[in-house]
Amino acid sequence: MIPASFDYLTADSVEQAIGLLKQHGDEAKLLAGGHSLLPMMKLRLARPNVLIDLRNVAGMRGIKTTARGLEIGALTTHAAVAQSTEVSAYAPLLAEAAAAVGDVQVRHCGTLGGSAAHADAAADEPAALLALEAQFEIAGASGVRTVAARDFFVDMFTTALGPNDVLTAVILPRAFPASAYAKLPHPASHYPVVGAACALAVSGGSIEGARIAITGVGSVPFRATHVEGLLAGIPVHDRKKMESLCAEAARGVEARSDAYAGAEYRVAMADVMAARAVLAAAERAR
Amino acid sequence: MAFTSMMGARVTRREDPRLITGRSTYVDDVKLVGTTYAAFVRSPFAHAKITRIDVSAAKASPGVLAAFTADDMRNVGDVPTAPQIEGLKVPKHPPLARGRVAYAGEPVVAVIAETPAAARDAADLVEVEYEELPAVVDLERAVAGAPYVHDEFGTNIAFTMEINGGDTESAFKNAAVTVSERLLNQRLAPVSIEPRGMVAHWEPGPQHLTLWSSTQIPHLLRTQMAVALGIPEHRVRSIAPEVGGGFGSKLDVYAEEIVAAFASRALDRPVKYVETRSESFMATVHGRDQIDLVEIAADRDGRISGLKVKILANLGAYHQLLTPAIPTLTALMVPGAYDIKNVAVTLHGLFTTEVPTDAYRGAGRPEATYLIERAIDLLAAKLGMDPAEVRRRNLIKKEQFPYASAVGLTYDTGDYHAAFEKALQLAGYDALRKEQEHGRSEGRLLGIGLSSYVEVCGMGPSSALPAPGWGSATVRMEPTGRVTVMTGASPHGQGEETTFAQMVSDRLGVPIDDVVVLHGDSAIVQYGIGTFGSRSTAVDGAALYRALDTVREKAMKIAAHQMEANVGDLEFKNGKIAVKGNPEKAMSIGEVAFAAFRGLNLPPDVEPGLEATRRFEPPNFVYPFGTHVCVVEIERATGAVKVLKYVAVDDCGNIINPMIVEGQIHGGIAQGLSQALYEEIVYDENGQLTNGSLLQYAVPHAGQLPMYELDRTVTPTDVNPMGIKGVGEAGTIGATPAVVNAVVDALAPFGIVNMDMPCKPERVWRVMSGHDGETNEKAAKS
C-alpha cells in the first residue's frame, strides 16, 4: 500500500491553493481529510504528481449562521457536522448522514467538503445536501460563485468543480427541522447500498413540499421528484399514505449493480429507504 | 486429574497488556541494519502462458538491487506440500511462476530494493507478456473435463477419495423417506489482523539463515526452508515473533518466504516483505469452497438409516502445505454427531485457477457440520417434525462411547444429549417455538436454528497425519526457583502463556508470576509442531503435564536425599515437599531447584539440574461437541437478518481457564456466524477476484454480532492425562449451520427449505419476493 511518488505542498489561503492548482494543472489534487483520495493513491488507482494540502487554509472550517443560511466550511469533519447542535436543529438530516459515514476514525478525519467534491456514487452526505437544496460555494480563478446542489453532482466522481476550483463552503439556505436520513449499509464498507434523504416543508400539519434524494442507486444522487409530487398535501400523521406513495422512487434511473447488490434490489430498496426517511422526517414535524 | 487451585481459574491473559498496547514485536517491527525490501509482480490473469519477462527497466530504477524471476531460482525447490493421498496429482509449484501462471495474484517477479517504495515503484516497471488461457472457476464444469488448469494431468481432479461404511445402497432402497440437497460452502478469506510478513537474514560469515515469519509453525517452516533452499537445517533458525492471528492461513510455507530467503543469500543483505491487505486477499490461502451433494435416508419417525455425500472441493491452482488434506477431514466427519450406520462419501479434490485453499479455522469440519446439520433440517421439514426431535432421535448415545463411526473414526467420549438438552433449556426452546408461532400470526419472520456438532481435533497421532502428531515441552527450574517453560506450540492469540503457566503453578506450587512460557524460536525451543487444529493444550499441554511430572519426581528424589527421608514418606503439597505428618521438615521447590543447581549433596544416581523435556503423542484425536441455538428475525422489506439470541453449550472436556475458553468460543462463533451472514470471496468467470478488499469483503464489526449466552458440559477425554479436548475451532464449526438453519426456518412461510450463504439481505429478499430460492415443491420431487 505505497502510493506512487508525489510532491506535497500546503496552501495557507484559498488564493494560494488556486494559484498552485493553476501552476500544476491536471497533475495536482487537493487534499482535505484524505479518506477517499489517499486509499485510491495507495492502490495506485490515483497517481497525482502534486498534492495540495488544504488543512492550513483559514476560514474553511466550522459552522456558522449567516444571512445566507447555515454555512459549513468545506473542511469541517463529518464528526463535527454530526455533533453540531446547530446542524441538528437546523437540518437533522445532515447530522444523521454525517453520523452514518464510515467509522469513528473516518468521521474525525474525513470532511463534508471532501465527500461532496469526491462525489462517490454511494456516499451519505451528497444525498443529504441534495435534499436540503444546498448551495456550494466555489472559489476559482475568476472569483467566487455558488452552484446549486442539483447542478453540482454531475456524475460518478464528477462535479461542477473546474480544474482550478476550490470548494470552500456548503450553504444550507433553508432550515428543515422535519428531515431525516435512512440507509441500508454495506456490511463491509458501511457505505450506503441505498440511502435516502428526506427534507419536508410542513404547513398546518400537512406536507407542503417534500425533497427526497436517493444515493447508491444511480451514478450520482438524484431527487425522487415523482414521489415528491405525490407527497404534497398529505397529512404528516398519515403514515400509511406516505409509505404507500414512496413507490418507484428510482423511476427513470439506470441502477447500478455489483457483486453485493443487483440493480433490481437497489431500485426496490430506494422505495423502502425513501419511505423510512419520509416517515422519520414526518415524525419530526408532529 | 490431580489439579488444584489454579486449574479452572479465570486468570486474565498475561500476554494481553503488551499486545493491546502495541508494546510488542511483530515481524514488521524487526529492524535490522542494511535491510532491503521485496515487492512482487503478480499475475493479473487467472491462467496464462508467460511469453516474455523484461526486468531491465526495474533493475535500472533508483535503489533497486535485484529483480528475480524463476530463471534465477532454478536450484530452489518448490513450495512444499505434505499430504500423502493415494493417487494425488502434485503440480510443479515454483516460488516464482515458471512459464505459466494459474491464479491471479501468483508471484512472477520479485524486486529487491533499498526501500519499500523503491521496490514497489520498480515492480511497476517490470514488463511481463502473457498469452491468456481459459480460467477454470466452476467446480461442476471442472470435474467434467477440459479446460484443465494443469494440462499435463489431462484432468482437473487432483484426487478422489471414496469411503463406504455399512450398506448405503440398501439403506436408501429400503428408506421410507429420502431428502437431498446441493449445498454451497462458499470460499472465505482468513483475514488475520496482521497480514503475512517475513524478514530473511542470511549471514555469510557463519553461513546461517535467520527467518522471522508471521507463522503458526516455526519449526516445520525451518525444516521446509532448509529443504527448499538446500541450506543444512542446523544453519537455519526460524522465529515466530508476535503473530497477529493466523486462523490456519499461517500454517503454511509460502513462496514469498522462500524468495525472501533466496534473495537474502543472493545479496548478503536482510530482506523484508510484508504483504499488503490487497495482496493478502489475492495470494494468502483461502478457506472452505465446496459444493456438497447430500442425501439422507430415514424412516417415518425420522431415524436416519443412510447418508450419501458427494464433495467437490476447490483446491485452487496448487497444493499449499495441507491443501488436499483439508476436504478429507470433511469426508471423515460427514455423519457428525449422529448414529448413522451406512455412510458413503465420494470426494473429488479439484484444481481451479484460483488461489489455493488450505486450513481456515475449522478446516474441513465446518463443511461437514454444515452439510449434516442442514440435511437434518431438510429431513425434519420433509417429515413435518420438529428439527430438535429429529436430532434427539439420532444423536449418538452416551453409552455408545467410544463410538466407531461408519467412516472409520473412533469418537473418544461424549454425552451429546446432555449438551443438547442443556442448550434447548437455556434457550427456552419450547417458549421460542410458541413465540415464533405467535409472531408469524402477526407477520413477524422469526426463525430458530439448531446445530449439534462434533468435531475432530487435537491433531495426533502421527500415523493419522501428514505431519508429526506429537507435542513437546521443556520445564526448566532456574537456580532462583523461577520456572522457564518452552512449548512446542506456537501460540498467536490462544493464550497458552497463561494457561500453561497455570498448569505449572498448579503442579509445582509456584506463583504464576514465577513462570514464563517461551515459544516460537527454533534456537530456543525444542522442536515443536506448532499451533493449529485446536491441538496446543490437548497435545503440547499434555507434554507439559508429563514434563512437570518428571520434574516433580526428580525434585522428590533430591528432597528426600537432602532431608534424609524416603521418597515414599514425602508429599508434594502447596509448593513444598514435606515429610508426611511433619510439615516442619520441608523444602520448597525453589530450594530443591537451587540444590540441584549447586550440585552439592545430591543422590548418587541423580544428575545436577532440575529440568525435563517430554513429548506426548496422543493415541487418538479428541472430539469436542456441543449444541448451538440461534434465533433470528428477518426484515420483510429489506431481507436483513438480525440475530436476536445466540446460545451455545459446548463441551471441550476439562478446562484450565474458563475465560480463555469463552473467548475462543466467542471468536469462533463470530467467524462461523460471519460465514452464514456476511463473508464470501467472489471470483468472476475470468478468475478475477472481485471483492478483495476490506471495503467489499465483510469482516463484521462488533455491532454486527449478537451477544452470546454460553454454558458448558464437561465430559473429559481419556486420550490425554488432563482430560482436555480442544476449543479453538468449535465455535466456528457449530455456528454456521445454526444461523443458516434459523434463517431458513424464518423463511418457512415462503416454502423455503434451503438458502445459499451468505444470507445477505438481497438474497433473502429475492427468496421472499419469489425471485429465486428453492422451495418445498422442489425438495418434494427429489
Side-chain angles (χ1 to χ4, degrees), chain A residues 1-6 35-36 39-45 47 100 102-106 120 122-123 182-196 216 243-244 246-247 249 255-277 279, chain B residues 37 39 62 113 115-121 123-124 189 191 195 274-280 635-641 674 677-684 688-705 758-766 768-769 771-772:
Chain A
M1 298 292 271
I2 301 169
S5 68
F6 58 88
H35 273 57
S36 297
M40 289 177 73
M41 287 172 63
K42 285 182 170 187
L43 292 168
R44 301 198 172 201
L45 297 171
R47 291 170 174 251
D103 55 34
V104 175
Q105 290 99 320
V106 169
D120 192 298
K183 92 189 236 190
L184 184 71
H186 187 285
S189 66
H190 297 244
Y191 272 84
V193 176
V194 176
E243 191 173 3
S244 69
C246 290
R256 302 188 312 134
S257 188
D258 65 16
Y260 182 73
E264 190 183 13
Y265 182 65
R266 286 177 203 267
V267 166
M269 289 310 105
D271 297 355
V272 175
M273 294 302 131
R276 286 185 185 173
L279 293 179
Chain B
Y37 300 85
T115 66
R120 188 68 260 158
D121 285 346
D124 284 357
V191 197
V274 178
E275 68 179 357
T276 65
R277 185 59 68 188
S278 307
E279 288 179 300
S280 186
E635 195 174 75
R636 180 68 186 86
T638 61
V641 175
S674 192
L677 297 184
Y678 303 121
E679 295 184 43
E680 64 177 333
I681 281 285
V682 181
Y683 281 96
D684 69 14
Q688 292 294 329
L689 180 58
T690 64
N691 61 346
S693 90
L694 289 173
L695 265 178
Q696 296 143 315
Y697 186 88
V699 177
H701 295 202
Q704 290 164 276
L705 296 166
C759 303
K760 57 181 184 177
E762 179 180 10
R763 191 167 276 157
V764 175
W765 175 84
R766 293 185 79 83
M768 292 189 294
S769 315
H771 287 82
D772 56 28

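This is a predicted model, so every value here is computed, not measured. Every chain is numbered from 1, with letters handed out A, B, ... down the list of sequences.
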- Nearest-0.5 Å distance that lies between atom OH in Tyr265(A) and atom NZ in Lys760(B): 9.5 Å
- Which answer fits Tyr697(B), side chain, backbone, both or neither, if we ask what part of it has an atom under 4.5 Å from a heavy atom of chain A? backbone
- Item | Pairs of heavy atoms under 4.5 Å with chain A: top-ranked of Glu635(B), Glu279(B), Glu680(B) | Glu635(B)
- Message: Is Leu695(B) in contact with chain A via its backbone, its side chain, both, or neither, using a 4.5 Å heavy-atom distance?
- Response: both
- Item | Choice from Thr638(B), Val682(B), Thr276(B), Asn691(B) maximising heavy atom contacts with chain A below 4.5 Å | Thr638(B)
- Message: Using a strict threshold of under 4.0 Å (side-chain N to carboxylate O), is an ion pair present between Glu762(B) and Arg266(A)?
- Response: no
- Checking heavy atoms, do the side chain of Met1(A), its backbone, both or neither come under 4.5 Å from chain B? both
- Task: Could you tell me which of Ala4(A), Gly262(A), Ala268(A) has the largest number of non-hydrogen atom pairs under 4.5 Å with chain B?
- Result: Gly262(A)
- Where on Pro700(B) is there a heavy atom nearer than 4.5 Å to chain A: the side chain, the backbone, both, or neither? neither
- Heavy-atom contact with chain A under 4.5 Å, split by part of Asp124(B): side chain
- Query: If you look at every heavy atom in Gln696(B) and His186(A), which pair is closest and at what distance?
  - Reply: O-CE1, 3.4 Å
- Query: Of all heavy-atom pairs between Ser278(B) and Leu43(A), which one has the smallest distance, and what is that distance?
  - Reply: OG-CD2, 3.4 Å
- Message: If you compare all heavy atoms of Arg276(A) against all heavy atoms of Ala637(B), which two are closest, and at what distance to 0.1 Å?
- Response: NH2-CB, 4.0 Å
- Message: Within this structure, what is the CH2-CG distance for the pair Trp765(B) and Leu184(A), rounded to the nearest 0.5 Å?
- Response: 11.5 Å
- Of all the heavy-atom pairs spanning Ala698(B) and Ala188(A), show the shortest one and how long it is. CA-CB, 3.6 Å
